[in-house]
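Data block below; observations after.
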Amino acid sequence: MRKIDKTMTAIVSLVLIVQLMFTAYSFTVSARLCLVGIAAIIFEFAVLAVYICFFARRRGKGLNANGVWDSISSDLFMRSSNPIAIVTQDGAIAWNNSAFTERIADNNDSDGQKLSDYLPAELCRGILSGETNDRAPEVRLGGGVFRLDSYGFDGTQSDSMHLVQFTDRSEIDSLKSSFAAANPIVMYIAIDNYSEVTGSKQEKYRAIEVKISELLEDWVEKMNGILREIDRERYIVLLEEHCHSDITAEKYDILDRIRALSGDSVDIPLTVSIGTACIDGTLAEKERSADQALNLALQRGGDQAVVKGRTNTEFYGGRTKTVQKRTKIRSRIIAGELTNMFKKADNVLIMGHKYADHDSIGSCVGVARLAMRYSDKVNIVVNIHDVNLKGIFQKLRGIPDYKNVFVDSSTAQDMISTGTVLVVMDVNNYVHFESPELYENCENVVIIDHHRKSGDFPIEPKLAYIEPSASSASELVTEILEQVIEPGGLLKEEAELLFSGIILDTKQFTRNTGVRTFSAALYLRGEGASPGEAQMLFKTDLSEFMREVKFETNIVIYRDIIAISTYDGQAEPGDKIAASKAAERLLSVEGVLASFTLCTIDNTVHVSARSTGTVNVQLILENMGGGGHFDSAGAQLRMSMTAALKSLKEAIDSYLNED
């Protein structure tokens, strides 16, 4: 239309110019002809006036159309069931519809109000800055849930303004909540000690088993769930997620109720372990996740619940000591799987934890003996400069099989191939491995440990044998060797190193011992181990003895039953062993049920914890990123000594206050 206007204007202008020129010329020729020209000019001006009026009316009609459109838009916004408001750049509400008054302003006058009177200040800033234009956040207002859509535009006075629409999502949110509450979760329940309680008192245990079954049925029935026994000692449960919220709120008190059924009537209490999958996905995926959670609960010692959630894994219970299993079926299976892996391996690497002790090195040597039967390339990865291992290196010196077997982590990295088998001993926490990089770079990993599992592995191993009921990793390895190696197949020095590992973790056979512990010791004695010579490995020189004394001069008794000892200043790597020995010795103090020693080495606070068996130090240090066993645990903290002491006391308080 604008192009037509310009064309017509140009034509009329050209005609007028020609007519004026013609009239001027006719004036010189004839007066009559000049009058005709003037009349023509008047006529053309009349036509031009009509033309202008015609287009003015057309433009007027266009303005009227826009006015009608503005009226329709205003009426649409006013009648909308969704609350709508227009706000200025400073957040003041310039206009709003009736739905806003009713649902957002609660029937109050919004004149002079700001958007921040109804919405959080941070959200208002996002709307006014345009940050929320594309992401439409949701907010709860007046008992409803609204999605906020905001649009920026220029106001009548060149002032930037924003239209904010509140889209009601209450019904959709209610449906989502109902759907989430009805989300099915899968739970596995297993009786921990059922296979161990056979014999003359079996009838008593059967009566307790019946009570456990009845208690579980009643527990699940109250939550409108489904309980099915899939084995003599294993159940599967289906529940809706809203019921599980009540279970976690009560911290899985079903564990305590089941434990109480045994009372004092039996020597070994019957307890249960629970694995729960509270995740999204198919039922098959939830079943697999629940099974993994149950295995984790068993690997952590049983009598606890492990809940695999959408974003994390939670633990409940685990406050009783693990009952040592009597059967060796599991060790026989592991022995077979391990030998098959060694037969196919290009080479075998074996490592324990950082700051290796006698149990770690002894179990590594035991696995090395087994691997040497099937592979010519076997190496143990240790810190070859660790002064605490000097006696062990000397004991194996001169034995041809152990020439060049011990290597450091950097050398081991060059030995990795696709066919390498890595065996990790006496540790399952990734950060405490002698070389975490080896674990990351090897495809075939085996983990054998007796400490309670602290969480999921960052990289799942091919084979994991974690048995918290065992006294030591050396005991587990001894049982494996007994299944595979013929009598006399162990060297005397190897047997004594394994024996020293058992001595260390059982505190001279006074703690964590069971039938299998003494069976392993008997086997090692038969292979030539001398308890006297094994004990000689623990001899300390005067300097190490003086290190231990450092921890006995700064002791605090906390909560009447906890001994805490700290070493001021920077300690040396050798002080870590001294700290663990000092923690052990503190248990001899009257009334002390658990002890913690702390020292700073290379800007890291090392915590050693010991218990008489009544306090679970593993649970306490697990809250600080550590782990270990029920009565023997440790942690490494990247913080100051003051902060470490505060964190430790908070963890102790949290544990004791749950009792």
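Only heavy atoms go into these numbers, but all of them, side chains included; no hydrogens, no water, no symmetry mates.
Formation of a donor-acceptor pair under 3.5 Å by the Ser363 side chain with backbone atoms of Asp359 is found in this model.
For the pair Arg397 and Tyr402, the cation-pi test (distance below 6.0 Å, angle within 45°) is failed.
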Atom pairs and distances, donor-acceptor, side-chain atoms in residues 588-595, under 3.5 Å, two or more places apart:
residue, atom, partner, partner atom, Å
Ser588, OG, Arg585, O, 2.6
Ser595, OG, Ala583, O, 2.5

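A salt bridge does not link Arg330 to Glu479: none of the charged nitrogens lies less than 4.0 Å from a carboxylate oxygen. At a threshold of 4.0 Å, the pair Lys354-Glu434 does not count as salt-bridged, since none of the basic side-chain nitrogens sits closer than that to a carboxylate oxygen. A salt bridge is absent between Lys492 and Glu527: the closest approach of a Lys/Arg side-chain nitrogen to an acidic carboxylate oxygen does not fall below 4.0 angstrom. For the pair Lys377 and Asp346, the salt-bridge criterion is not met [side-chain N within less than 4.0 Å of a carboxylate O]. Salt-bridge formation is detected for the pair Arg234/Asp291: a Lys NZ or Arg NE/NH1/NH2 atom is positioned less than 4.0 Å from an Asp or Glu carboxylate oxygen.
Thr420 and Asn347 share a donor-acceptor pair across their side chains, judged by distance under 3.5 Å alone. Between the side chains of Asp449 and His451, at least one donor N or O sits under 3.5 Å from an acceptor N or O. Between Glu467 and Ser469, the side chains place a donor N or O and an acceptor N or O closer than 3.5 Å (distance only, hydrogens not considered). Checked by atom type, the side-chain pair Arg300/Gln304 shows a donor-acceptor distance below 3.5 Å.
Residues satisfying the ring-ring contact (aromatic ring centres under 6.0 Å, His included) test with Tyr567, not counting sequence neighbours, are Phe551. Shown here are the ring-ring contact (aromatic ring centres under 6.0 Å, His included) partners of Phe433, two or more places apart in sequence or in another chain: Tyr439.
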Step by step, would you call Asn340 with Tyr374 a side chain to side chain donor-acceptor pair (under 3.5 Å)?
CA-CA 9 Å; Asn340 287 335; Tyr374 306 102; over 6 Å; no

Could you give me the CA-CA distance, side-chain angles and deciding distance for Arg332 and Glu337, then say whether salt bridge (Lys or Arg N to Asp or Glu O under 4.0 Å) is met?
CA-CA 9 Å; Arg332 189 177 301 116; Glu337 294 179 352; over 6 Å; no

Output, in order, the C-alpha distance, side-chain angles, deciding distance and verdict of side chain to side chain donor-acceptor pair (under 3.5 Å) for Ser474 and Ser472.
CA-CA 5 Å; Ser474 295; Ser472 58; 4.8 Å; no

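The number of heavy-atom neighbours closer than 6.0 Å to NZ of Lys646, taken from other residues, nucleotides and ligands shown, is 12 or below. The neighbour count for Glu443 CD, taken as heavy atoms of other residues, nucleotides or ligands under 6.0 Å away, does not exceed 12.
Ile485 and Leu490 make their closest contact through CG2-N, 4.4 Å (heavy atoms, listed as atom of the first residue, atom of the second, distance).
In this structure, the ring of Phe509 has its center less than 6.0 angstrom from the ring center of Phe499.
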